[in-house]
Amino acid sequence: MNVTFVQTGGPDLGQAAVAGAKARIDGARQTALASAKSSDISAREASMREAAEGFEAVFLGQMLAPMFSGLSSDGPMGGGHAEEVFRSMLVDEMGNAIAKAGGVGVAGPVYEKLLSLQEI
C-alpha cells in the first residue's frame, strides 16, 4: 500500500503525523490479518468437526450392518436386489441419525486427533 503524506506544519508535526499514520495502517493490517487467520482456523475446525462426525456415522453404520444381514426377507413384497439396496441405505441413515443425536463418543477423540495432527 503506497501512502503519500503532505506536511503542513513544522518538521516535528510532519514526522509525528507520518509516524502516527503508519502506525494506524500497520495496526489495521495486523488486525485484518489476525481476523483472516482466526476465521480460517474456525473454518478448518468446523470442517474437522464435520469430518469426525461423518467418520462416526460411517462407523456406526458399519456396526449396525451385521444386525440386518441375517434378517429374512420373506413375504409378498420381500427379497430381491432392491431390498438389499434399500437395507444398506437404511443402515447408513440410521448411523447418520445416531451420530447427529450425539453418537456413542467416537467423534470427540477423532476430532481431537485431527486437531493435534493439524497443530492448531
Side-chain angles (χ1 to χ4, degrees):
M1 171 183 270
N2 294 330
V3 179
T4 304
F5 296 100
V6 177
Q7 185 174 355
T8 58
D12 292 305
L13 179 62
Q15 293 297 329
V18 168
K22 284 184 180 180
R24 284 193 302 276
I25 290 170
D26 288 339
R29 182 180 298 137
Q30 292 301 324
T31 302
L33 287 174
S35 175
K37 286 179 183 177
S38 69
S39 67
D40 185 41
I41 288 172
S42 63
R44 272 192 282 161
E45 287 177 352
S47 175
M48 283 188 273
R49 172 65 69 188
E50 185 178 329
E53 289 172 0
F55 175 81
E56 184 171 22
V58 170
F59 172 77
L60 289 169
Q62 291 297 310
M63 297 302 290
L64 291 172
M67 289 177 27
F68 292 92
S69 65
L71 293 178
S72 66
S73 55
D74 295 336
M77 301 216 193
H81 180 69
E83 184 172 342
E84 292 174 22
V85 172
F86 172 76
R87 193 172 281 176
S88 70
M89 290 189 309
L90 176 66
V91 170
D92 290 344
E93 286 306 312
M94 286 177 155
N96 287 335
I98 293 170
K100 284 181 185 175
V104 294
V106 174
V110 170
Y111 174 70
E112 294 298 324
K113 186 64 178 176
L114 288 172
L115 282 178
S116 70
L117 292 173
Q118 294 293 319
E119 299 178 350
I120 293 180

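Hydrophobic clustering, with ILVMFWY side chains joined whenever heavy atoms are under 4.5 angstrom apart, keeps V58 apart from M94. Both L90 and I98 are assigned to one and the same hydrophobic cluster, defined by single-linkage of ILVMFWY side chains at heavy-atom distances under 4.5 Å. Placement of M63 and F68 within a single hydrophobic cluster is found when ILVMFWY residues are connected by side-chain heavy-atom separations under 4.5 Å, directly or transitively. Hydrophobic clustering of Ile, Leu, Val, Met, Phe, Trp and Tyr side chains at less than 4.5 Å, counting indirect connections, keeps V85 apart from L64.
Residues G61 and V91 approach most closely at O-CG1, 3.1 Å, considering heavy atoms. The two residues A99 and L60 come nearest to each other via the heavy atoms N-CD1, 3.9 Å. When all heavy atoms of S69 and P66 are compared, the closest pair comes out as OG-O, 3.0 Å.
With E56 contributing its side chain and V104 its backbone, the two residues share a donor-acceptor pair below 3.5 Å.
At least one side-chain heavy atom of E45 sits under 4.5 Å from a side-chain heavy atom of L115.
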